[in-house]
Amino acid sequence: MARTPLQRPRGTQDILPADQPYWRLMQQAAERLAVRYGYRKIDTPIFEATELFSRSAGDASDIVLKEMYTFTDRGERSLTLRPEGTAPIVRAYFEGGLTEEPQPVRLFYIGPYFRYGRPQAGRFRQLHQLGVEVIGDDDPGLDVEAIQLAWSWFKELGLSGIGLQVNSIGDEVCRPAYRELLRDYYRPLLPQLCADDQVRFERNPLRMLDCNVPADQRFKADAPRIVDHLDAACAAAFEAVKAGLRGLDIPFALNPTLVRGLDYYTRTVFEGWHESLGGAQNALVGGGRYDGLAAELGFRSTPGMGFAIGLDRTAVILKQERPGESDGLDVYAVTVSAEDRGQVIELASTLRGHGFGVIVDAGEARLDAKLRKADRRGARLALIVGPEERAHGQAILRDMRDKEQVSVGYGELPAAVGKRLDGRV
RNA sequence: GUGGCUUUAGCUCAGCUGGUUAGAGCAUCAGAUUGUGGAUCUGAGGGUCGAGGGUUCAAAUCCCUCAAGCCACCCCA
């Protein structure tokens with residue numbers, strides 16, 4: 001049981017400074033779009049009563065069966081680190097009285113989630129998601145809106161190569177009959193199927209449709225498709241979703257075998273992938289409608305629609321498609337001799353007072369070494385003060401991009417810096 | 001959770017069939033007749049060779065256990 005001391009727990013990650021610009025981009029894109037679409041932010045606790053998840057996701061779902069971080073606190077309560085966001089949001093919707101606001105209520109959230117599984121590239125025990133929920137209306141137009149929002153977010157980040165797939169899995173009215181139809185189809189094939197499918201046959205036959213075992217693929221083509229067995233209401237809703245997406249020029253593919261792992265989904269389900277993500281960890285976004293969830297949790301029956309985007313995986317793609325994003329330091333201020341220190345510190349302080357980002361380097365190193373650091377650190381401007389400059393009450397402002405530099409009096413410095421920085425003041 | 005592969009400096013990797021003070025490139029820091037960057041050259045710092053145990057005169061190198069990472073499955077973000 002020897003344990004390597006002091007390393008991060010399995011399946012977690014440090015988001016180091018070099019990666020933070022990408023996380024900032026993702027968060028800022030989310031907040032810009034939220035405003036544009038009228039979604040308001042909500043935060044819920046990192047842990048919840050275990051029952052919230054076991055009742056919503058379904059006792060037989062993998063999340064409940066083997067992926068939850070569950071613990072008992074000192075008051076003997078069973079609590080669980082949230083494995084997903086929808087159930088807590090729905091809980092908060094009722095508990096926080098959002099039922100009394102104009103419906104539907106549009107919400108978004110961003111934060112960490114926890115699932116106990118074997119880690120892999122792009123799959124963590126502490127993962128990060130951006131999610132959106134629209135609660136209180138079953139209008140298919142909201143399904144379209146949510147999917148458009150997810151699509152827009154990727155576009156906002158400048159990402160392409162996302163493939164969207166859409167399906168409808170019916171509701172509690174028409175799905176039971178289809179489920180039996182599927183069982184009838186697979187029953188004679190059962191002996192030939194993989195062990196997992198044997199279990200799924202009893203537990204959740206729909207999941208047999210997205211089995212990845214190569215040998216089982218040949219049976220899928222002839223399996224009955226749920227889109228052919230929707231009742232009138234579900235079929236009409238699905239048509240409306242498809243028409244809405246086409247009207248907005250959002251490209252998508254129909255995937256009749258797309259089902260979702262959580263029991264609470266009804267009607268519209270969708271997922272998005274990115275071509276460049278390797279292996280099985282290429283799902284970037286997933287979501288759907290969950291008209292039965294509120295009732296399942298014991299609240300008044302209320303429809304809802306939402307999705308979650310995986311930020312960890314999106315960050316990987318962002319990095320490879322937009323390398324070199326930096327923190328955008330404004331000014332790297334250096335001394336030439338030891339006597340310049342006081343003046344440089346004062347000038348830096350003044351600039352900070354005007355809102356500029358400034359690093360002071362008053363070290364002993366040579367000037368070229370300091371400028372090298374300014375460059376590596378990604379500073380836009382270098383501020384140089386030596387004995388000569390001080391004698392004239394001036395400082396040198398050097399633009400690190402085009403190497404142009406000017407001498408400016410101390411009093412003119414903030415304006416000169418602002419002018420160089422695209423007119424900022 | 002199941003199966004497999006991997007683990008040497010911050011990063012990417014050498015290190016042959018076990019043999020003296022463990023190497024390279026990049027990165028970091030410093031210097032190149034001492035006030036101007038991204039190049040070049042020189043030098044320096046940095047490793048309990050994932051951890052623990054075993055075999056041996058001797059282990060980064062062989063054996064066992066554990067841990068972590070990766071790949072497939074499971075599942076999904």
Side-chain angles (χ1 to χ4, degrees), chain A residues 1-13 16 18 26 57 61-67 83-86 110-131 150 194-197 199-200 204 207 210-214 216 258-262 271-274 277-287 307-317 332 334-337 340 361 363-379 381-390 396-405:
Chain A
M1 262 319 260
R3 215 202 118 103
T4 309
L6 303 182
Q7 41 175 51
R8 62 179 186 270
R10 185 173 203 197
T12 64
Q13 60 180 329
L16 299 170
M26 293 191 291
S61 71
D62 283 87
I63 283 187
V64 171
L65 250 32
K66 57 181 198 188
E67 292 185 354
E84 60 104 21
T86 302
I110 189 162
Y113 293 84
F114 305 84
R115 292 181 199 171
Y116 191 94
R118 185 175 286 203
Q120 225 169 300
R123 179 165 64 181
F124 299 94
R125 288 181 173 179
Q126 177 177 336
L127 54 126
H128 300 82
Q129 291 186 333
L130 156 66
C194 68
D196 288 318
D197 275 343
V199 179
R200 293 189 187 111
N204 188 353
R207 292 212 64 84
D210 62 2
C211 175
N212 283 323
V213 177
D216 292 0
L258 175 64
V259 298
R260 304 272 306 157
L262 304 175
E271 290 188 5
W273 288 269
H274 192 268
L277 281 179
Q281 272 61 58
N282 57 357
L284 272 185
V285 52
F307 66 78
I309 290 175
L311 298 181
D312 311 284
R313 294 174 187 179
T314 303
V316 170
I317 297 169
Y332 194 93
V334 306
T335 56
V336 175
S337 70
D340 310 322
D361 183 349
E364 308 264 308
R366 296 163 17 134
L367 185 55
D368 62 340
K370 291 180 182 175
L371 289 174
R372 208 176 300 134
K373 280 192 198 178
D375 180 44
R376 288 298 314 272
R377 188 60 185 69
L381 301 171
L383 177 72
I384 306 168
V385 176
E388 283 180 36
E389 286 70 35
R390 279 191 295 116
I396 292 176
L397 201 54
R398 179 180 179 83
D399 192 313
M400 298 300 281
R401 287 189 201 165
D402 54 24
K403 297 181 144 182
E404 279 181 25
Q405 58 182 45

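The figures that follow rest on heavy atoms only: side chains count, while hydrogens, waters and symmetry mates do not. Lettering of chains follows the sequences in order, A, B, ..., and the numbering in each one begins at 1.
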Discussion item. Using heavy-atom distances to pick each residue's nearest nucleotide on RNA chain B, tell me which of A/F124 and A/P119 is more 5'.
Written reply: A/P119
Worksheet, complete the sentence: Closest of B/G1, B/G38, B/C73 to the A/D196 side chain is B/C73
Worksheet entry | A/M400 to A/A374 - nearest heavy-atom pair and separation | CE-CB, 4.0 Å
Worksheet, complete the sentence: A/A365 has its side chain closest, among B/C71, B/A77, B/A30, to B/A30
Worksheet item: Checking all strands, does A/A308 fall into the base, sugar-phosphate, or nothing category for heavy-atom contacts under 4.0 angstrom?
Response: sugar-phosphate
Practice prompt. Would you mind classifying the nucleic acid contact of A/G378 as base, sugar-phosphate or nothing, using non-hydrogen atoms under 4.0 angstrom?
Written response: nothing
Worksheet item: What heavy-atom pair brings A/G122 and A/R313 nearest, and what distance separates the two atoms?
Response: O-NE, 2.7 Å
Discussion item. Classify A/V334 by what it touches in the nucleic acid, base, sugar-phosphate, or nothing, heavy-atom distance under 4.0 Å.
Written reply: nothing
Practice prompt. Using the P atom as the reference point in each nucleotide, state the distance between B/A51 and B/G10 in Å, no decimals.
Written response: 13 Å
Worksheet entry | Spacing of the P atoms in B/G3 and B/C62 (rounded, Å) | 24 Å
Worksheet item: For the base of B/G69, is there a side-chain donor-acceptor partner from A/Q7 under 3.5 Å away?
Response: no
Practice prompt. Over all heavy atoms of both residues, which pair between A/F124 and A/G11 is shortest? Give the atoms and the distance, please.
Written response: CB-O, 3.2 Å
Worksheet entry | P gap between B/G23 and B/A9, integer Å | 14 Å
Worksheet item: Taking the same atom, C1', in B/U17 and in B/U2, what whole-Å distance lies between them?
Response: 36 Å
Worksheet item: Mapping A/G117 and A/R401 to their closest nucleotides on RNA chain B, which lands nearer the 5' end?
Response: A/G117
Worksheet, complete the sentence: Of all heavy-atom pairs linking A/G386 and A/D340, the shortest is CA-OD2, 3.3 Å
Response to the item:
Mate of B/C49 across any strand shown (Watson-Crick or G-U wobble, both atom pairs under 3.5 Å) is none
Worksheet, complete the sentence: Sorted by chain and number, sequence neighbours left out, side chain to side chain contact (heavy atoms under 4.5 Å, CB included) with A/E364 holds for none
Discussion item. Between B/A30 and B/A39, how far apart are the two P atoms, rounded to whole Å?
Written reply: 15 Å
Worksheet item: Which listed nucleotide (B/U36, B/G1, B/A30) is nearest to the side chain of A/Y116?
Response: B/G1
Practice prompt. Check the distance between B/G38's C1' and A/K370's NZ and give it to me in whole angstrom.
Written response: 19 Å
Discussion item. For the C1' atoms, the ones on B/U21 and on B/C13, what distance do you get once it is rounded to whole angstrom?
Written reply: 23 Å
Fill in: Spacing between A/K373 atom NZ and B/A27 atom C1', to the nearest angstrom
14 Å
Discussion item. Side chain of A/R200, heavy atoms from C-beta onward: which of B/G37, B/G35, B/C75 has the nearest atom to it?
Written reply: B/C75
Discussion item. Without decimals, in angstroms, what is the distance between A/E364 CD and B/G35 P?
Written reply: 13 Å
Fill in: Complement of B/G25, any strand, by Watson-Crick or G-U distances under 3.5 angstrom
B/C11
Worksheet item: Under 4.0 angstrom, heavy atoms only, what part of the nucleic acid is A/D399 near: base, sugar-phosphate, or nothing?
Response: base
Discussion item. Mind checking if A/L311 touches a base, just sugar-phosphate, or nothing, with heavy atoms under 4.0 Å?
Written reply: nothing
Practice prompt. Assign A/Y113 to base, sugar-phosphate, or nothing according to its heavy-atom contacts below 4.0 angstrom with the strands shown.
Written response: nothing
Worksheet entry | Residue pair A/E84, A/R115: steps toward the salt bridge (Lys or Arg N to Asp or Glu O under 4.0 Å) verdict | CA-CA 9 Å; A/E84 60 104 21; A/R115 292 181 199 171; over 6 Å; no
Item to complete: Can you tell me the distance, in whole Å, between the CG atom of A/D361 and the C1' atom of B/A30?
Response: 14 Å
Discussion item. Partner lookup for B/U33, please. Criteria are Watson-Crick or G-U wobble with both distances under 3.5 angstrom; report none if nothing qualifies.
Written reply: none
Fill in: Contacts of A/R125 that satisfy side-chain hydrogen bond (donor to acceptor under 3.5 Å, both in side chains) - sequence neighbours left out
none
Item to complete: With the side chain of A/A121 defined as its heavy atoms from C-beta on, choose the nearest nucleotide among B/A30, B/C70, B/G35.
Response: B/C70
Worksheet item: Atom CD of A/E271 to atom P of B/A77: distance rounded to whole Å?
Response: 7 Å
Discussion item. Walk me through whether A/R200 and A/D197 qualify under salt bridge (Lys or Arg N to Asp or Glu O under 4.0 Å).
Written reply: CA-CA 5 Å; A/R200 293 189 187 111; A/D197 275 343; 2.6 Å; yes
Discussion item. Which nucleotide, if any, forms a Watson-Crick or G-U wobble pair with B/C57, using both distances under 3.5 Å?
Written reply: B/G19
Worksheet item: Which value, in whole Å, describes the distance between the P atoms of nucleotides B/A22 and B/C66?
Response: 31 Å
Item to complete: Kindly indicate whether the side chain of A/R115 and the base of B/C75 share any N or O donor-acceptor pair separated by less than 3.5 Å?
Response: no
Fill in: Inter-nucleotide P distance (B/C63, B/A24), Å rounded
29 Å
Practice prompt. Taking all heavy atoms of A/I309 and all of A/V285, pick out the closest pair and write down the distance.
Written response: CG1-CG2, 3.7 Å
Worksheet item: Contact class for A/Q126 vs. all strands (heavy atom < 4.0 Å): base, sugar-phosphate, or nothing?
Response: nothing
Worksheet entry | Whole angstrom value for the distance that separates P of B/G37 from CD1 of A/I384 | 10 Å
Worksheet item: In terms of side-chain heavy atoms of A/Q405, which of B/A77, B/U36, B/G38 is nearest?
Response: B/U36
Item to complete: Find the distance between OG1 (A/T314) and CG (A/L130) and round it off to the nearest 0.5 Å.
Response: 8.5 Å
Response to the item:
Nearest heavy-atom contact between A/E389 and A/I384 is CG-O, 4.1 Å
Worksheet item: In whole angstrom, what separates A/R123's CZ from B/G1's C1'?
Response: 11 Å
For nucleotides 3-12 of chain B, give me every protein contact, N/O to N/O, under 3.5 Å, one pair per line with atom names.
unit_1, atom_1, unit_2, atom_2, d
B/G3, O6, A/R118, NH1, 2.9

Discussion item. From CZ of A/R10 over to P of B/G1, roughly how many Å is that when rounded to an integer?
Written reply: 8 Å
Worksheet item: Which one is paired to B/G69, where only Watson-Crick or G-U wobble pairs with both distances under 3.5 angstrom count?
Response: B/C5
